[in-house]
Visitor: 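Below you'll find the structure I mean.
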Amino acid sequence: MNSELFEALDLLEKTKGIPVDYMLEKVEAALISAYKKEEGSASVRVAINREKKTLKLFRVRTVVDEVLDPKSEISLEEAQKLSRRYTLGTVVEDEMKTKNFGRISAQTAKQVIVQGIREAEKSNIIRDYEKKREEIISAVVVKRDDSNGDVVVDTGTSNALLPKDEQIPGEDLRVGDRIKVFVTEVSKTGEKGPLVTISRTHPAMVKRMFEAEIPEIADGIVIVRGIAREPGSRTKIAVESRDENVDAVGACIGNRGMRIGDIVDELHGEKIDVIEYSEYAEKYIAASLSPATVREVEFDGERSAKVIVDGDQLSLAIGKEGQNVRLAAKLTGYKIDIKGVKLG
């Protein structure tokens, strides 16, 4: 163990961000492990000097009258051959030359050091992902499993799995596709690396996309009050303006729908209804049933409402397979019962 080891560790710190002190701890563990691999339960101590760039291994034994365990004990006679200062009960430390280690010891030490590098790299990856948790990141599809539809994406930090059930229904992702994904969770317990959960179906992904695409939301002039989503089909998002001179819905849609159009394209054509939030439940519920026009809202319970619409608006208010009213109920938190009345 000479200056080349320390130079290599300095390079690791510069290129991978792995602290030298951290790796020296791993080297120390490697040497102890290697020695015990050959010598069993023998006690050893490692002395590291970063300034002098030296690393030494010492065998530790106690001076006794009668040696019962040669690996941890040394007789007084043998100890005093090393130094006359040793007496019964004192500890003898004599340096072991690492070059004398056999092939098994060297391999053991190497494995521990490599494992230390992997753990440090994993910690760096986890730390990087933690900063991105509940955020949108760009990714490139690098592998696709045609048997189940799962894809592996390169996020720029590492590869991550995007399961089929976290993909937007109907989209056909192929190798080379550039997509946006939402980091939902980062776990530190993965045996083969950090378990990073990513999604394209999470409702919060839509919110983050609006924050990225709509300057008024990024600036806090318009705020998102709620989201209800059925991925790949439809989303309802409620917004509110803090400035009476700014139209919250118009700001989100943009001129000729250009702002919201970019979001829709990224979400594989998913329809998005931008709803104006209101503190008045009657007004909020009516708006949530867009694009249908509501005639009246009546409350028949604490969180239950009956909505009256003209007959020609009934199917629009309910939506295909009940989707429109289902999303409106999820958005507002009210159970909504729709009733159509004849015109006139």
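All residue numbers refer to positions in the sequence shown, counting from 1.
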Visitor: Who are the salt bridge (charged side-chain N to carboxylate O under 4.0 Å, His left out) partners of Arg118, not counting sequence neighbours?
Guide: none
Visitor: Could Asp94 and Arg59 be called an ion pair, given the rule that one side-chain N must be under 4.0 Å from one carboxylate O?
Guide: yes
Visitor: Apply ring-ring contact (aromatic ring centres under 6.0 Å, His included) to Tyr284 and list each qualifying residue two or more places apart in sequence or on a separate chain.
Guide: Tyr277
Visitor: Tell me who clusters with Leu161, hydrophobic residues only, linked when side chains sit under 4.5 Å apart either directly or through other members.
Guide: Val142, Val152
Visitor: What residues, two or more places apart in sequence or in another chain, satisfy salt bridge (charged side-chain N to carboxylate O under 4.0 Å, His left out) together with Glu134?
Guide: none
Visitor: Under the side chain to side chain contact (heavy atoms under 4.5 Å, CB included) rule, what do Glu66 and Leu68 come out as? Steps first, then yes or no, please.
Guide: CA-CA 6 Å; Glu66 182 182 358; Leu68 300 178; 4.0 Å; yes
Visitor: Can you list the residues that meet the ring-ring contact (aromatic ring centres under 6.0 Å, His included) rule with Phe299, with sequence neighbours excluded?
Guide: Tyr334
Visitor: So, Arg133 and Glu130, do they make that salt bridge, N to O below 4.0 Å?
Guide: yes
Visitor: Determine all donor-acceptor pairs shorter than 3.5 Å in which one atom belongs to a side chain in residues 222-239; sequence neighbours excluded.
Guide:
residue : atom : partner : partner atom : Å
Arg225  : NE   : Glu240  : OE1          : 2.7
Arg225  : NH2  : Glu240  : OE1          : 2.9
Arg229  : NE   : Glu270  : OE1          : 3.4
Arg229  : NE   : Glu270  : OE2          : 2.9
Arg229  : NH1  : Arg200  : O            : 3.2
Arg229  : NH1  : Thr201  : O            : 3.1
Arg229  : NH1  : His202  : O            : 3.0
Arg229  : NH2  : Arg200  : O            : 3.0
Arg229  : NH2  : Glu270  : OE1          : 3.1
Glu230  : OE1  : Gln323  : NE2          : 3.0
Glu230  : OE1  : Arg326  : NH2          : 3.2
Glu230  : OE2  : Arg326  : NE           : 2.6
Glu230  : OE2  : Arg326  : NH2          : 3.2
Ser233  : OG   : Gln323  : NE2          : 2.6
Arg234  : NE   : Asp273  : OD2          : 2.7
Arg234  : NH2  : Asp273  : OD1          : 3.3
Arg234  : NH2  : Asp273  : OD2          : 3.2
Thr235  : OG1  : Glu270  : OE2          : 2.5
Lys236  : NZ   : Asp273  : OD2          : 2.9
Lys236  : NZ   : Ser288  : O            : 3.0
Lys236  : NZ   : Ser290  : O            : 2.7
Lys236  : NZ   : Asn324  : OD1          : 2.8

Visitor: Just wondering, more than 12 heavy atoms not from Glu302 lying within 6.0 Å of its CD?
Guide: no
Visitor: Who pairs with Asp172 by salt bridge (charged side-chain N to carboxylate O under 4.0 Å, His left out), at least two apart in sequence or on another chain?
Guide: Arg144, Arg174
Visitor: Taking only residues at least two apart or on different chains, which pairs with a member in residues 248-263 satisfy side-chain hydrogen bond (donor to acceptor under 3.5 Å, both in side chains)?
Guide: Glu216-Arg259
Visitor: Which residues satisfy the side chain to side chain donor-acceptor pair (under 3.5 Å) test with Ser147, sequence neighbours excluded?
Guide: Asp145
Visitor: Side chain to side chain contact (heavy atoms under 4.5 Å, CB included) with Ala47: which residues, sequence neighbours excluded?
Guide: Arg45, Phe58
Visitor: Is Ile260 linked to Ile221 within one hydrophobic cluster, defined over Ile, Leu, Val, Met, Phe, Trp and Tyr using a side-chain heavy-atom separation of less than 4.5 Å?
Guide: yes
Visitor: Who pairs with Glu78 by salt bridge (charged side-chain N to carboxylate O under 4.0 Å, His left out), at least two apart in sequence or on another chain?
Guide: Lys81
Visitor: Who else is in the cluster with Val64 when I, L, V, M, F, W and Y are joined by side-chain contacts under 4.5 Å?
Guide: Val67
